[in-house]
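Atoms considered below: every heavy atom in the structure, side chains included; atoms not considered: hydrogens, waters and symmetry mates. Proteins get letters first, then strands, A, B, ... in listed order; numbering begins at 1 in each.
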Amino acid sequence: MCGRFTLTVSADDLKDAVGLEIVPSEYQPRYNIAPTQPVAVVRSFPPKELEMMRWGLVPSWAKDPSIGNRLINARAETLTEKPAFRSAFAKRRCLILMDGFFEWKRGEGKGARSQPYWFTPGDGKVAAFAGLYELWFHKEDEPLVSCTIITTEANDVVRPVHDRMPVILPRERWSDWLEGSSPDQLLALLRPANLSLEAVPVSPAVNSPAVDRPELIQPIAGL
DNA sequence: CCAGACGTTGTT
DNA sequence: GTCTGG
DNA sequence: CCAGACGTTGTT
DNA sequence: GTCTGG
């Protein structure tokens with residue numbers, strides 16, 4: 001995990017939530033955000049800014065941006081060792097904005113379907129994954145800017161569904177993550193979420209990355 | 001030395 | 001760019 | 001994460 | 001089965 005999430009608020013509400021402007025024409029509410037798609041990100045510099053980035057990290061040394069299709073998550077446990085993430089962890093940390101994420105509980109036996117769940121902080125507010133970003137300079141003037149979501153072990157709410165989850169930073173830790181400098185203090189932030197999460201069983205319609213509508217986060221009966 | 005990878009997930 | 005493997 | 005493709009040649 | 005694309 002995490003391979004799918006939501007950010008369903010309006011551009012105005014997003015601005016109110018984080019205190020930063022976003023280009024309205026680039027943003028729209030989403031109920032099924034998949035890898036390779038644009039996601040709303042706060043990065044600390046230069047300067048602190050809210051912008052849309054491609055989900056899937058493309059390191060500066062990449063010959064081809066397709067490597068980003070695979071670097072959608074970074075394990076917190078090995079962040080400092082992996083060549084693909086080391087420099088981003090040191091210098092290019094970000095907040096990936098969301099208001100819920102999906103995890104799939106695998107069915108027993110072969111051929112069994114996985115049941116998707118939507119996990120949400122449930123207070124209607126914008127929350128944030130801990131992330132890393134990179135700039136990839138090709139031949140155009142503007143670099144391709146991309147990001148990855150940091151994962152850790154599941155907390156008590158998520159564990160029945162899955163053993164990993166994205167790192168969710170409480171609001172009072174946002175600036176610590178963006179502006180921190182000591183690697184030890186930064187790593188200490190990458191813990192399973194302590195905040196309350198609501199687990200909502202949802203329709204397998206979310207399985208298709210092409211489907212994006214409000215019904216995807218409605219509870220389904222019988223579970 | 002050069003070449004080639006650089007990642008996570010889940011499944012067996 | 002930097003590390004690992006041959 | 002899941003869904004869907006998995007290929008080349010030559011022609012428009 | 002495995003890779004690519006969204």
Subject >> Any donor-acceptor N or O pair under 3.5 Å, side chains A/N73, A/T151 >> reply: no

Original post:
Mind checking the C1' distance from B/dG7 to E/dC3? Whole angstroms is fine.
Top reply: 14 Å

Subject >> A/F119 ring center near A/F102 ring center (under 6.0 Å) >> reply: no

Original post:
Are the aromatic rings of A/F129 and A/W55 close, with centres under 6.0 Å apart?
Top reply: no

Original post:
Taking side chain as C-beta onward, heavy atoms only, is A/P65 less than 4.5 Å from A/H138?
Top reply: no

Original post:
Would you call A/Y27 and A/V9 a side-chain contact if the rule is heavy atoms closer than 4.5 Å?
Top reply: yes

Of the listed nucleotides [options], the one nearest the side chain of [X]:
X     : options             : answer
A/Q37 : B/dG7, E/dG6, D/dC1 : E/dG6
A/P83 : B/dT9, C/dG1, E/dG6 : C/dG1
A/N73 : D/dC2, B/dT9, B/dG7 : B/dT9
A/K63 : B/dC6, C/dC3, B/dT9 : B/dC6

Subject >> Phosphate OP1/OP2 of B/dT8 contacted by A/T78 side-chain N/O (<4.0 Å) >> reply: yes

Original post:
Would one find a side-chain N or O of A/R75 under 4.0 angstrom from OP1 or OP2 of B/dT9?
Top reply: yes

Original post:
Transitively linked via ILVMFWY side-chain contacts under 4.5 Å: A/W61 with A/F137?
Top reply: yes

**OP:** May I ask you to say whether A/E134 pairs ionically with A/K91, meaning some side-chain N is under 4.0 Å from a carboxylate O?
**Re:** no

Subject >> C/dT2 base stacked by A/W61 (centroids within less than 5.5 Å, tilt under 30°) >> reply: no

**OP:** Remember a base hit wins even if backbone is also touched, and classify A/D212 as base, sugar-phosphate or nothing at under 4.0 Å, heavy atoms.
**Re:** nothing

Original post:
Are the side chain of A/T78 and the backbone N or O of A/E81 linked by a donor-acceptor pair below 3.5 Å?
Top reply: no

Subject >> Other residues, nucleotides, ligands: >12 heavy atoms within 6.0 Å of A/N194 CG >> reply: no

**OP:** Identify all stems in which DNA chain B takes part, counting only runs of at least 3 consecutive pairs (Watson-Crick or G-U wobble, each distance under 3.5 Å), and give each as one range with another, ordered by first number.
**Re:** B:1-6 with C:1-6

Original post:
Listed in order of residue number, which residues of residues 23-34 of chain A have a non-hydrogen atom at under 4.0 Å from DNA chain B?
Top reply: none

